[in-house]
*Asks:* 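What follows is a structure written as structure tokens; I'll ask about it next.
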Amino acid sequence: MCVWNAAAERMFGWTAGEVIGLDPPVIPRELRAEHHAVLERVANGSHVSLATRRICKAGQVLDLRIDTSGLVDEAGAQFGWVSICHLATEDAAVRHYMAERARVVRRLGDVVADMNAELDLEVVLDRISASLRELTRADAGGFVLIDGDRLRLVSMNGLPAELRGRTADLPSSMVGELMRSGKSVMMTTGESGRFDDLIWSALPGLHTITLSLSHVAGRPYGALYALYSGRKVGHVELELLELLAGHASVALSNATAFAEVVKQRAHERAVIDGSADGIAVLDGEGRVRQWNPAAHALTGVSAAQATGKPPPFPLPEPGAKMTYRLPSNRWIDVLCTVLDGRDEQVVDFRDVTAAKELEEAKDLFLATTSHELRTPITVVQGFASTLASRWDKLADADRRSAVQTIADRAGSLARLVDQLLLGSRAGANRLTVISEPFDVAKLLSNTAVAFRSLSDKHVLVTDIPEQLPAGYGDAAATDSIVNQLLENAFKYSPDGGTVTVSARQDADQIEVSVQDEGIGIAPADRERVFDRFVQGEAGDRRRFGGIGLGLYIVRQLARAQGGDVTVAERPGGGTVMRLTLPLARPDQQASLAGQSPGDTNGRGQVPMLPQVRPAVVPSQPSPAHESSSLDKD
């Protein structure tokens, strides 16, 4: 005998001093052969458990269950045996204990699998609390999250629901004490049933709290609490709590990592969906896997229609950019990028239609302006050269006529420059108008009288009510607008016809319309003609001249007064231009008496559209023909 513990002394009656160093005195003579057979089996590497009998010092025979195993050294050589003896009457309790331990181990395995099967963080926390209470047989349990220097109860079982979300101070709490101790599990008791950690004060009769830390990414993430108000607590419960906390760390790590991935994916999706650029993700076969709303808006192809198919436009080489015109006449810039380490590529495409149109408009503006400038310059140059070389040979009347022509063409140049400057000011929102009541009917009548004598091919008709109320705005700016609309009506009715100027009251505004029987404006151009440097498509663009600023300035002047200018098709052919102006209130019309159209009462100069009237020029030597600069724009 080498070891004889206190339980052996109590069971057999011999003290350790009486048996150590001697043969075991407990083996009956008739069972010594059995004993040696057991030792031989153990020597062969077996573990033997058998029911047998042994004698005690008093001579009494004891019924026992003996478990015998071999003792081996570091080299694996056996140097002895160890036998653990249980009274036969304890077998049932031992079997129950072992069965219960096996059940707990199996349940712990099921709990761990259940926790790791779920990736929703809130669900994982609730399962941890429920499993904690079941495994440790606690009266209540919960999980507190470490949030800076505060604890927050995020999950519980067996406690009132209103405690969820309750907070406590971390440094003064038991969790803080546990973290400072460097241990992983702790148990605390209180005879009064009350503890410093007030989160748990709602559990009546609370006498013991056990807690253990769970870690995520190597840092304390939170703590599991097991609360007891009835049964006693031992080391088994602490071991189970510590095991569960370790497995909870793994489950929480998985859940938080998944939540971060979901959050990142949601962020990326929000960025993609919120992008004004069309974005598509293609697989290795070039088929669409993602198609954001902007891609749908740009191409007209929905995500459902695009997914699983190649994009509806060609792709450039990775890293290169390509400009492509869609069937809808929309221009897009396409950029393709291959994702490193993945058999995918991202296609980014944006609408550059406005930029392409601006580029085309700039080219057109340069060409148009060059044309418009060249005509009067050529005329001026021709007449000036004629005067310089033939001054003495020309009659006095011819010389005066040539000088007058030079003056007229110089005036045309000045008006063209003025129009360019006014267009620039309108684009910079620097138009200044005066808001005051004025007589719209008188202004329209006077303008009609001035225009009737300008063409023998057109008939100008007015339809203006005698009792038309006063408008509220800038008379000079309105006069400039009406002049431009009438000039366009004359110019774009090259075969003549009737031009009608009408006015009427419509609710709280006045509507002025100018109708012609001319070439009209295509439906696609009825809004574009109000942009800068844009002219309506009317066959030969140079037939009528112009730089594409007139209607742009007209609309800006109207809107500066609180009105607008729109265009529509005239039934039977031609164009209807409509100008709307605010109506003057009765109290504002009192100051109208004595004012004439365009009178600003000395309160500022109104920017005016350069007025260009169709003029009749006497026949005379000229190196170039003259053309009108009225714009259909």
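Every heavy atom of this structure was used, including side-chain atoms; hydrogens, water molecules and symmetry mates were not. Not measured: the values here are computed from a predicted model. Numbering starts at 1 and runs along the sequence shown.
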*Asks:* Treating Asp73 as the side-chain partner and Ala77 as the backbone partner, does any N or O pair qualify as donor plus acceptor under 3.5 Å?
*Replies:*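 A pair under 3.5 Å: yes.
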
*Asks:* What pair of heavy atoms forms the shortest contact from Gly278 to Leu298, and how long is it?
*Replies:*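 The pair with the smallest heavy-atom distance is N-CD1, 3.6 Å.
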
*Asks:* In sequence, state the C-alpha distance, the side-chain angles, and the governing distance for Phe12 and Ile55, and then conclude on side chain to side chain contact (heavy atoms under 4.5 Å, CB included).
*Replies:* CA-CA 7 Å; Phe12 296 108; Ile55 57 176; over 6 Å; no

*Asks:* What distance separates Thr299 OG1 from Ile332 CD1, expressed to the nearest 0.5 Å?
*Replies:*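 Result: 8.0 Å between the selected atoms.
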
*Asks:* Please round to the nearest 0.5 Å and tell me the distance separating atom CG of Asn44 and atom CG of Leu39.
*Replies:*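 CG of Leu39 is found 11.5 Å from CG of Asn44.
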
*Asks:* Are Tyr225 and Ile209 side-chain neighbours, meaning at least one heavy-atom pair lies under 4.5 Å?
*Replies:*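 Yes, at least one pair of side-chain atoms sits under 4.5 Å.
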
*Asks:* How about CZ on Arg219, more than 12 heavy atoms from neighbouring residues, nucleotides or ligands closer than 6.0 Å, or not?
*Replies:*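 Open.
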
*Asks:* Go through the steps to decide whether Thr167 and Arg150 satisfy the test side-chain hydrogen bond (donor to acceptor under 3.5 Å, both in side chains), and finish with yes or no.
*Replies:* CA-CA 7 Å; Thr167 63; Arg150 302 291 295 174; 3.0 Å; yes

*Asks:* With side chain to side chain donor-acceptor pair (under 3.5 Å) as the rule and sequence neighbours excluded, what pairs involving residues 9-21 come up?
*Replies:*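 Every side chain to side chain donor-acceptor pair (under 3.5 Å) pair that includes a residue of residues 9-21, provided the two are not neighbours, is Thr15-Glu18, Glu18-Lys57.
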
*Asks:* Are side-chain heavy atoms of Val346 and Val338 found at a separation under 4.5 Å?
*Replies:*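 A side-chain contact is absent here, since even the closest heavy-atom pair is not under 4.5 Å.
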
*Asks:* For Ser83 versus Ile66, what's the shortest heavy-atom pair and its separation?
*Replies:*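 That closest heavy-atom pairing would be CB-CG2, 3.9 Å.
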
*Asks:* Does this structure show an ion pair linking Lys309 with Glu285, if we count only N-O contacts that are shorter than 4.0 Å?
*Replies:*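 Not counted as a salt bridge, because no side-chain N and carboxylate O are separated by less than 4.0 Å.
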
*Asks:* Locate the shortest heavy-atom distance separating Val334 from Pro316; write the atom from each residue and the value.
*Replies:*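 Heavy atoms only, the tightest pair is O-CG, 3.6 Å.
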
*Asks:* If I compare all heavy atoms of Leu64 with all of Cys85, which pair ends up nearest, and what's the gap?
*Replies:*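 Taking every non-hydrogen atom into account, CD1-CB, 4.3 Å.
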
*Asks:* Flag the pair Thr210 / Tyr228 as yes when at least one side-chain heavy-atom distance between them is below 4.5 Å, and no otherwise.
*Replies:*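 Side chain of Thr210 against side chain of Tyr228, heavy atoms only: contact under 4.5 Å found.
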
*Asks:* Are any side-chain N or O atoms of Ser46 and backbone N or O atoms of Val42, one a donor and one an acceptor, separated by less than 3.5 Å?
*Replies:*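 Side chain of Ser46 to backbone of Val42, a donor-acceptor pair under 3.5 Å: no, none is there.
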
*Asks:* Go through it in stages, so that I can follow the logic: the residues are Leu213 and Val175, the test is side chain to side chain contact (heavy atoms under 4.5 Å, CB included), and I'd like the CA-CA distance, side-chain angles, deciding distance and then a yes or no.
*Replies:* CA-CA 8 Å; Leu213 289 173; Val175 177; 4.0 Å; yes

*Asks:* Under the side-chain hydrogen bond (donor to acceptor under 3.5 Å, both in side chains) test, which residues partner Asp351, sequence neighbours left out?
*Replies:*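 Partners of Asp351 under the side-chain hydrogen bond (donor to acceptor under 3.5 Å, both in side chains) test: Arg330, Thr353.
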
*Asks:* Roughly how far, to the nearest 0.5 Å, is the CD atom of Glu317 from the SG atom of Cys336?
*Replies:*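 It is 8.5 Å, given to the nearest 0.5 Å.
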
*Asks:* Determine the minimum heavy-atom distance between Leu326 and Pro312, stating which atoms define it.
*Replies:*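 Where Leu326 meets Pro312 most closely, the heavy atoms are CD2-O, 4.5 Å.
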
*Asks:* According to ring-ring contact (aromatic ring centres under 6.0 Å, His included), does anything in residues 283-338 pair up with another residue at least two apart or in another chain? List the pairs.
*Replies:*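 Qualifying pairs, neighbours excluded: Trp291-Phe349, Phe313-Phe349.
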
*Asks:* When you compare the side chain of Asp283 with that of Asp343, does any pair of heavy atoms fall below 4.5 Å?
*Replies:*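 Side chain of Asp343 against side chain of Asp283, heavy atoms only: no contact under 4.5 Å found.
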
*Asks:* So do the side chains of Leu87 and Asp63 get within less than 4.5 Å of each other, counting heavy atoms only?
*Replies:*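 Not in contact.
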
*Asks:* Look up atom CD in Glu177 and atom NZ in Lys183, then write down how far apart they are to the nearest 0.5 Å.
*Replies:*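 Reported value, rounded in 0.5 Å steps: 9.0 Å.
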
*Asks:* So, the side chain of Arg164 versus the backbone of Val154: is there a donor-acceptor pair under 3.5 Å, distance only?
*Replies:*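 Yes; judged by distance alone, with no hydrogens or angles, the pair exists.
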
*Asks:* Near Glu30 CD, under 6.0 Å, is it more than 12 heavy atoms from other residues, nucleotides or ligands?
*Replies:*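 Atom CD in Glu30 is packed in, count exceeds 12.
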
*Asks:* Sequence neighbours left out, what passes side-chain hydrogen bond (donor to acceptor under 3.5 Å, both in side chains) with Gln78? Give chain and number order.
*Replies:*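 For Gln78, no residue satisfies side-chain hydrogen bond (donor to acceptor under 3.5 Å, both in side chains) once neighbours in sequence are set aside.
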
*Asks:* Are side-chain N/O atoms of Thr337 and Gln345 paired as donor and acceptor at under 3.5 Å?
*Replies:*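 Side chains of Thr337 and Gln345: no pair found under 3.5 Å.
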
*Asks:* For the pair Arg350 and Asp277, find out whether any cationic side-chain nitrogen is under 4.0 Å from an anionic carboxylate oxygen.
*Replies:*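 Asp277 and Arg350: salt-bridged.
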
*Asks:* Which atoms form the tightest heavy-atom contact between Cys2 and Ile20, and what is the distance?
*Replies:*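 Smallest heavy-atom distance, with atoms named: O-CD1, 3.9 Å.
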
*Asks:* Please list, chain by chain and in numerical order, all residues satisfying side-chain hydrogen bond (donor to acceptor under 3.5 Å, both in side chains) with Thr323, sequence neighbours excluded.
*Replies:*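 So Thr323 forms a side-chain hydrogen bond (donor to acceptor under 3.5 Å, both in side chains) with Asp333.
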
*Asks:* Before you tell me yes or no, could you show the steps for Arg555 and Glu527 under salt bridge (charged side-chain N to carboxylate O under 4.0 Å, His left out), namely the whole-Å CA-CA distance, both residues' side-chain angles and the distance that decides it to 0.1 Å?
*Replies:* CA-CA 11 Å; Arg555 173 170 276 187; Glu527 188 60 30; 2.6 Å; yes

*Asks:* Dump the intermediate steps for side chain to side chain contact (heavy atoms under 4.5 Å, CB included) on His35 and Val38, then the final yes or no.
*Replies:* CA-CA 5 Å; His35 173 67; Val38 168; 5.6 Å; no

*Asks:* Kindly say whether Thr580 contributes a backbone atom to a donor-acceptor pair with the side chain of Asp564 at under 3.5 angstrom?
*Replies:*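 Not at all, since once roles are kept as given, no pair shorter than 3.5 Å links the two residues.
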
*Asks:* Sub-3.5 Å donor-acceptor pair from the side chain of Arg585 to the main-chain atoms of Tyr472, do we have one?
*Replies:*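 Side chain of Arg585 to backbone of Tyr472: no pair is present.
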
*Asks:* Nearest 0.5 angstrom please: Ser275 OG to Asp348 CG, how far?
*Replies:*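 Interatomic distance, Ser275 OG to Asp348 CG, rounded to 0.5 Å: 6.5 Å.
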
*Asks:* Who passes side-chain hydrogen bond (donor to acceptor under 3.5 Å, both in side chains) against Gln509, sequence neighbours left out?
*Replies:*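 By the side-chain hydrogen bond (donor to acceptor under 3.5 Å, both in side chains) rule, Gln509 matches no residue at all.
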
*Asks:* Does Ile84 CD1 have over 12 foreign heavy atoms under 6.0 Å away?
*Replies:*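 No, the 6.0 Å shell around CD1 holds no more than 12 heavy atoms from other groups.
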
*Asks:* Treating Asn329 as the side-chain partner and Arg325 as the backbone partner, does any N or O pair qualify as donor plus acceptor under 3.5 Å?
*Replies:*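 Not a single qualifying donor-acceptor pair exists.
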
*Asks:* For a side chain to side chain contact (heavy atoms under 4.5 Å, CB included) check, start with the C-alpha distance between Leu31 and Thr52, then their side-chain angles and the critical distance, and finish with the verdict.
*Replies:* CA-CA 9 Å; Leu31 295 179; Thr52 185; 3.6 Å; yes

*Asks:* So, taking the atom named CE in Met11 and the one named SG in Cys56, what distance separates them when rounded to the nearest 0.5 Å?
*Replies:*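 One finds 11.0 Å between CE of Met11 and SG of Cys56.
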
*Asks:* Compare all side-chain heavy atoms of Ile146 with those of Leu170 and state whether any distance is below 4.5 angstrom.
*Replies:*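 Side chain of Ile146 against side chain of Leu170, heavy atoms only: contact under 4.5 Å found.
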
*Asks:* Do Arg54 and Pro28 come within less than 4.5 Å of each other through their side chains, counting heavy atoms only?
*Replies:*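 Result yes, sub-4.5 Å side-chain heavy-atom pair found.
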
*Asks:* Under a 4.5 Å cut-off applied to non-hydrogen side-chain atoms, are Ile279 and Val347 in contact?
*Replies:*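 Answer no - side chains too far apart.
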
